[in-house]
Chemist: 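This is the structure I want to talk about, given as structure tokens.
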Amino acid sequence: MSEISKRAVAGVGVLVLLALPFYATGFWLQSGLFAMAAVIGAIGLSLLTGTTGQLSLGHAFFLAVGAYGYVWLSGPAGAADGLTGLGLPPLLAFGLAVALTGLAGGLLSPIAGRLRGMYLGVATLALVFIGQHVMLNAHTVTGGYNGRSVPPMDLFGFALADASPQGLLVLGVPFGGLERLWYFGLALVALALLTARNLLRGRPGRALGAVRDSEVAAAVMGVPVARYRSAAFVVSCLYAGAGGALLALVFRRVVPETFGLVLSIDYLAMIVIGGLGSVGGAAAAAVLVTLLPQVLTGYADDLPLLARAGSGAAGPTPGEAARYLYGAAIVLVLTLAPQGLAGLTRRRPRKTLQEHTP
Amino acid sequence: MTAAAAELRVDGVTVRFAGLTALDEVSFTVAPGSIHALIGPNGAGKSTCFNVLSGVYRATEGSVHYDGRELTGLAPHRIAGIGVARTFQNIVLTAGTVADNLMLGRHGLTTAGFASTALRLPKAVREQRRHRERAYEIADFLGIAAHFEQPVGPLSYGDRKRVEIARALCMEPRLLLLDEPVAGMNPTERLAMAATIAAVRAELGISILIVEHDMGMVMRLADAVTVLDFGRRIADGTPESVQRDPAVIAAYLGQQQEQQKEESA
Ligand SMILES: Nc1ncnc2c1ncn2[C@@H]1O[C@H](COP(=O)(O)OP(=O)(O)OP(=O)(O)O)[C@@H](O)[C@H]1O
Ligand SMILES: [Mg+2]
């Protein structure tokens, strides 16, 4: 696509996204917000795995830190049900939850700096299980198996949740908390996309790409390889923290089950389908992977072969069907289009850097 | 822009891999501002020597000093910071454009961090712009300015070799290590590259240590030559003296003549 048509498409896309709360139902707004959280998380993983070449299976853990971090920081203090919380203003709690997740990543940075590629993947696998254990057992913070409800986002006195008491009409459309949370989510996505793009075009992005392409070349060019690997890990955690906290706001309840290994795999699927190393591709694939089950659920009755979730009828549930579909998408990408979704918008296939030295 | 070239002193460097001595007590000195050639048959240990000098391999014994500072034991990025840059025998570039690769060479000379880059702070933007201008100058010097914005993947072999040298020069080094800069090139490209290397020394005044199999080029360019064979230094001196050295003729030149005979046969 030419630069101009790309811009036009992006412009129209932004307008549609801004107008959506005036037309879409709550179900679709919620699905969209869910996709936004995934986009932010996937951008983080894309920077770590796609750009730096470091595998992480622990992404779900860091999403959980962001989600539970937000809930605990903003949750009511000294509540009757034995739950603790700091009761901070939601926006502050959101920012601190992101910082907390970065800190959690920082604690692991000695490992993240030393282990390369696959080995980091194996090491971070353990995090998911440790996370599950903590979420199930640290009752006063997490609420245990049943989880805990999420205090709504609150900006300038407006609660950004469905149960908002203030009735607000915009252009004749009731503007509940979900609609307003939509714009908060959009702003976050824009920030995530912009910062990631800036990083990739600047000095740190070049260093990270060099670490992926050739550790030795990066090092002799003056890049402290271990330090940059650690930094990439922390940065990916910051994005995961923001994605996780937004996820909590959308779900309105956090439960341990959400943050299992399957979630980590989902994120890996997103960045593979998007085309490793491409932030835009990862974002697009995040939308695809999260919305597919929702679309299938929304139209389950009209689609052949699909059973309604929990109906006990034969056939895959929408969630399962979506997994099969994007499982197939991964196979297709890996075999036919290694550049993923990102490759579809590029005119020429980029030649790989395989050497053909005589 | 950079500090003046200084002396490189390699002292009794030994490198052993499991069961194999790749370098055996090798010593030589590269005079400031000179072009010094390191030659020897395949497997003699030339690239291993480069890897020790740039910190990629650790010497089992011996030491390397540059400008009075010990390099042995330093991490590669620290050695880069002292002003030692290198190219690789097999081109090693990173994905992206020529400009991206050259800007990687500016890494140690720039400071923009994650936060300032992510937020596009004016300081980071300005720094990037300034260093990009210098990178373009260097690309121009190497004759690849026309490809500055192009991806490196599709470039010709010779151009990619030049990108690698330009990237090394972007570090504003005081000592440049070139591992077989003309290998795989045709005679015209070889001559052009030899002229470029001579120009680098003349204009930048830096020292150049060069590994090269092309004896004609070595004799034309080098001020001094060190010859390795099976990891041992078998000769060291001016190109003329080395060329006459019987040990060298036996180990290296003879072998090359044989090769040429085979090729012409
Ligand atoms: N990392 C390594 N592990 C084991 N052996 C190695 C390693 N690197 C080099 N060697 C061995 O050390 C010896 C010297 O290799 P080196 O690459 O330094 O030779 P060279 O002089 O550069 O040869 P060429 O002209 O073919 O490039 C060879 O026998 C090689 O197999
Ligand atoms: Mg070699």
Side-chain angles (χ1 to χ4, degrees), chain A residues 43 47 50-53 102 191-228 230-236 238-239 276-278 339 346 348-358, chain B residues 50-51 54-56 75-81 84-96 99-101 103-121 124-125 127-128 131 151-155 157 160-161 164 167-168 170-171 177 180 183-185:
Chain A
I43 289 172
L47 290 175
T51 305
T52 320
L191 188 68
L193 278 171
L194 269 179
T195 48
R197 203 194 59 166
N198 290 344
L199 275 180
L200 289 182
R201 290 182 181 178
R203 177 174 178 266
R206 280 189 298 269
L208 297 178
V211 167
R212 173 201 57 206
D213 290 342
S214 168
E215 187 183 333
V216 171
V220 303
M221 289 301 128
V223 177
V225 171
R227 206 184 313 151
Y228 270 80
S230 304
F233 194 72
V234 171
V235 168
S236 93
L238 291 172
Y239 285 94
L276 280 181
S278 160
Q339 309 256 335
R346 280 189 206 120
R348 284 168 297 183
R350 262 204 277 171
K351 238 196 194 174
T352 58
L353 284 161
Q354 288 308 312
E355 293 315 320
H356 33 83
T357 38
Chain B
F50 268 28
N51 282 331
S54 54
V56 177
H77 69 270
R78 298 238 178 268
I79 294 177
V84 180
R86 70 168 288 182
T87 64
F88 294 89
Q89 185 169 350
N90 305 305
I91 305 172
V92 185
L93 296 173
T94 57
D100 291 333
N101 271 275
M103 287 299 283
L104 179 65
R106 307 296 289 180
H107 185 90
L109 302 169
T110 46
T111 57
F114 280 80
S116 64
T117 307
L119 301 173
R120 271 183 77 79
L121 296 189
V125 175
E127 179 186 81
Q128 171 129 329
H131 284 265
V152 285
L155 292 183
Y157 177 78
R160 286 188 299 140
K161 276 261 184 212
E164 239 205 346
R167 182 180 66 184
C170 276
M171 298 166 67
L177 313 175
E180 307 205 9
M185 288 185 171

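Throughout, a chain's letter reflects where its sequence line sits, starting with A, and its residues are numbered from 1.
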Chemist: Heavy atoms only, distances under 4.5 angstrom: which of A:Gly277, A:Ser214, A:Pro224 has the most pairs with chain B? Name it, please.
Modeler: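 Max contact count across the listed options: A:Pro224.
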
Chemist: Any luck finding a side-chain donor-acceptor pair between A:Asn198 and B:Thr117 under 3.5 Å?
Modeler: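 Not at all, the side chains of A:Asn198 and B:Thr117 share no donor-acceptor pair under 3.5 Å.
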
Chemist: Where on B:Ile79 is there a heavy atom nearer than 4.5 Å to chain A: the side chain, the backbone, both, or neither?
Modeler: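 Neither part.
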
Chemist: Are B:His107 and A:Tyr228 close enough that their ring centers fall under 6.0 Å?
Modeler: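 Yes, the ring centres sit under 6.0 Å apart.
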
Chemist: Chain A heavy atoms under 4.5 Å from B:Phe88: which part of the residue, side chain, backbone, both or neither?
Modeler: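 The answer is the side chain of B:Phe88.
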
Chemist: Once salt bridge (Lys or Arg N to Asp or Glu O under 4.0 Å) is applied, do any residues pair with B:Arg167, and if so which ones, sequence neighbours excluded?
Modeler: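 With sequence neighbours excluded, B:Arg167 shows a salt bridge (Lys or Arg N to Asp or Glu O under 4.0 Å) to B:Glu164, given in chain and number order.
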
Chemist: Counting only non-hydrogen atoms closer than 4.5 Å, does B:Thr111 touch chain A with its backbone (N, CA, C, O), its side chain (CB onward), both, or neither?
Modeler: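 Only the backbone of B:Thr111 comes within 4.5 Å of chain A.
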
Chemist: Rounded to the nearest 0.5 Å, how far does OG1 of B:Thr110 lie from CZ of A:Arg206?
Modeler: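 Reported to 0.5 Å precision, the distance equals 7.0 Å.
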
Chemist: CD/B:Glu180 to CG/B:Asn90 distance, rounded to the nearest 0.5 angstrom?
Modeler: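 Answer for the CD-CG pair, B:Glu180 versus B:Asn90, is 9.0 Å.
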
Chemist: Between A:Leu208 and chain B, with a heavy-atom cut-off of 4.5 Å, which part of the residue counts as in contact: side chain, backbone, both or neither?
Modeler: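 Contact with chain B is through the side chain of A:Leu208 alone.
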
Chemist: Tell me, side chain or backbone of A:Arg197 under 4.5 Å from chain B's heavy atoms, or both, or neither?
Modeler: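 Neither part, no heavy atoms under 4.5 Å.
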
Chemist: Between A:Thr195, A:Leu191, A:Leu200, which has the largest tally of heavy atom pairs under 4.5 Å with chain B?
Modeler: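 Ranked by heavy-atom pairs under 4.5 Å with chain B, first place is A:Thr195.
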
Chemist: I'd like to check the salt bridge (Lys or Arg N to Asp or Glu O under 4.0 Å) partners of B:Glu127; sequence neighbours left out, ordered by chain and number.
Modeler: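 Once residues adjacent in sequence are excluded, B:Glu127 has no partner under the salt bridge (Lys or Arg N to Asp or Glu O under 4.0 Å) criterion.
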
